[in-house]
Amino acid sequence: MYPLFNLSTNGTMENTITDTVAHICAANKGNSDILIHADAVIRYRDHLGDIRQWGEKQMCFDEVASLLRTGVEAEKKTMVDEMLKRGGQFDDTVTIDNMRFRANAFLHSGDRKLGIVLRRTRDDIPSFDELGLDFQLQDWLNNRTGLILVTGPTGSGKTATLAAMVDYLNSHYAGHTILLEDPIEYVHTHKKGFLTQREVGRDVTSFSQGLRASLRQNPNYIVVCEMRDRETMETALQAAETGHLVLGTLHTSSALHTPTRILDFFPEDVRPLIRSQLATSLRGILAQILVPRADASGKVLMTEALSNYPDVQNIIRKGEFLQLSNVLKNPGQRLNTWLLNDKLARAVEAGKITLEAGMQATYNRAELEQLLQFGSAG
């Protein structure tokens with residue numbers, strides 16, 4: 001059970017720290033990266049990701065500490081008190097006015113001040129259309145075995161994309177899905193499928209430990225929200241090879257660079273085996289980034305996709321990753337395969353995003369400039 005922050009309003013306009021959190025979420029369309037420091041005015045990220053100030057009132061140390069302590073279970077209160085005395089940080093999931101957040105609290109400025117960062121977690125699961133995914137992820141998911149990776153920087157919407165994938169499987173197939181999350185952000189309900197959601201730090205000690213355990217829990221689908229280390233990646237590849245569909249995320253900027261990043265987890269002597277496993281099990285890589293719209297009304301999802309066709313399998317198996325660039329630049333009749341810069345160039349030419357925003361989003365500025373110069377975005 002998640003610890004609760006008691007935020008029931010009493011009809012007054014009393015500007016408590018808990019009231020402020022609720023007001024920010026209500027006024028900011030649910031966007032809720034909220035930054036709280038003692039002796040400072042509360043800030044939040046708006047729909048474009050910019051930091052904004054909320055009001056003029058500075059929070060004091062006791063107010064910030066009370067937000068952290070209120071409703072925390074007994075064993076957690078001890079951990080909070082230790083953090084306040086000795087420094088460091090404290091992670092937990094909290095509920096504020098029926099809204100769920102991930103809270104990270106920490107001492108700073110030489111342990112003299114207290115800060116908390118809140119990130120809203122959501123219960124409403126988005127559809128592919130709502131996310132702006134303009135291709136058929138179903139083509140990958142309907143394989144029902146193998147490995148699908150969603151990549152991108154922090155804040156690029158990877159978790160939302162995974163949630164939409166899980167909801168598709170849950171709605172269409174009578175299988176068992178095990179999700180390993182840190183924290184649990186989207187709460188799924190049983191539909192045609194059956195789901196088990198496990199939170200790292202509460203239900204399992206680590207992603208790798210949870211992934212190993214999941215293989216003994218009769219899954220059809222396994223979701224690993226972050227593949228952080230060699231052991232997790234190695235087990236994921238083994239699971240994908242043995243008849244499971246594994247979904248996961250990596251912090252890479254492109255589909256092009258993701259196979260190389262996977263191999264970086266492993267020493268040189270085992271890389272041929274890993275290349276073979278990846279070539280066999282990979283279904284597709286979706287890289288994504290959120291780019292501000294030109295009209296400042298929000299952000300638009302820009303993607304790069306690589307499907308594992310036979311020629312891609314051969315490239316991965318041989319480790320000739322430079323050839324993947326040619327595949328993405330010249331996809332031919334391959335479905336679900338394209339270059340991020342093609343999407344960015346089209347968006348710039350259509351006026352959806354500015355040239356500056358496109359240049360900030362790309363991992364290859366020279367190539368994007370060339371596409372725009374010669375109008376080869378199509």
Side-chain angles (χ1 to χ4, degrees), residues 140 143-154 156 158-159 161-162 165 178-182 198 200-201 204-217 219 221-289 304-328 337 340 363-364:
W140 292 348
N143 284 287
R144 301 176 66 184
T145 64
L147 177 67
I148 299 173
L149 295 173
V150 181
T151 79
T154 300
S156 60
K158 298 187 296 296
T159 302
T161 298
L162 280 184
M165 289 181 175
I178 297 177
L179 299 95
L180 304 171
E181 304 173 76
D182 183 18
R198 307 192 74 194
V200 173
V204 294
T205 58
S206 66
F207 282 109
S208 58
Q209 187 269 335
L211 182 52
R212 290 196 309 274
S214 72
L215 297 177
R216 300 188 295 273
Q217 294 161 0
Y221 316 113
I222 305 171
V223 182
V224 186
C225 284
E226 285 191 51
M227 294 188 175
R228 298 173 175 172
D229 53 45
R230 170 184 173 176
E231 185 178 5
T232 303
M233 181 58 68
E234 193 169 32
T235 309
L237 288 169
Q238 292 170 357
E241 276 195 316
T242 55
H244 306 88
L245 180 63
V246 181
L247 314 179
T249 72
L250 280 174
H251 290 287
T252 58
S253 61
S254 70
L256 174 65
H257 299 138
T258 297
T260 302
R261 176 69 185 95
I262 291 172
L263 287 181
D264 286 343
F265 284 123
F266 300 92
E268 193 69 37
D269 61 324
V270 300
R271 289 182 182 180
L273 171 61
I274 300 303
R275 291 200 308 267
S276 178
Q277 289 180 311
L278 184 61
T280 301
S281 62
L282 183 67
R283 294 291 171 259
I285 302 170
L286 176 69
Q288 58 184 62
I289 188 169
E304 181 171 277
L306 177 67
S307 290
N308 195 17
Y309 283 89
D311 57 342
V312 175
Q313 290 181 352
N314 289 333
I315 290 170
I316 293 174
R317 188 173 286 109
K318 295 176 181 178
E320 298 173 347
F321 297 124
L322 291 178
Q323 294 185 27
L324 289 177
S325 178
N326 293 329
V327 171
L328 287 165
T337 297
L340 172 65
Y363 60 87
N364 191 330

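Everything numeric here is computed off the predicted structure, so don't read it as measured data.
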Could you give me the CA-CA distance, side-chain angles and deciding distance for Thr249 and Leu162, then say whether side-chain contact (heavy atoms from CB on, under 4.5 Å) is met? CA-CA 8 Å; Thr249 72; Leu162 280 184; 3.3 Å; yes
Go through it in stages, so that I can follow the logic: the residues are Met165 and Thr161, the test is side-chain contact (heavy atoms from CB on, under 4.5 Å), and I'd like the CA-CA distance, side-chain angles, deciding distance and then a yes or no. CA-CA 6 Å; Met165 289 181 175; Thr161 298; 4.0 Å; yes
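- Taking the six-membered ring where the residue is Trp, the centroids of Tyr363 and His257 are separated by under 6.0 Å.
- The line from CG of Leu149 to CG of Leu286 is 10.0 Å long, rounded to the nearest 0.5 Å.
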Taking distance alone, no hydrogens or angles, what donor-acceptor pairs closer than 3.5 Å link side-chain atoms of residues 221-228 to residues at least two apart or in another chain?
unit_1 : atom_1 : unit_2 : atom_2 : d
Tyr221 : OH     : Arg144 : NE     : 3.2
Glu226 : OE1    : Arg228 : NE     : 3.1
Glu226 : OE2    : Arg228 : NH2    : 3.3
Arg228 : NH2    : Asp182 : OD2    : 3.1

Decide side-chain contact (heavy atoms from CB on, under 4.5 Å) for Arg275 and Leu263; before the verdict, give the C-alpha distance in whole Å, the side-chain angles of both, and the deciding distance to 0.1 Å. CA-CA 8 Å; Arg275 291 200 308 267; Leu263 287 181; 3.7 Å; yes
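- In terms of modelled atom types and a separation under 3.5 Å, the side chain of Thr280 and the main chain of Ser276 share a donor-acceptor contact.
- The backbone N or O of Thr252 lies less than 3.5 Å from a partner atom in the side chain of Thr151, making a donor-acceptor pair.
- Atom CD in Glu234 sits 11.0 Å away from atom CZ in Arg212 (nearest 0.5 Å).
- Atom CD1 of Ile274 and atom CZ of Arg317 lie 13.5 Å apart (nearest 0.5 Å).
- If you take OG1 on Thr260 and CG on Asp264, they are separated by 7.0 Å, rounding to the nearest 0.5 Å.
- Using a 4.5 Å cut-off on side-chain heavy atoms (C-beta onward), Asn308 and Ile316 make contact.
- A distance-only check finds a donor-acceptor pair linking the side chain of Thr242 to the backbone of Ala239 [under 3.5 Å].
- Without hydrogens or angle criteria, Lys158 side chain to Gly248 main chain gives no donor-acceptor distance under 3.5 Å.
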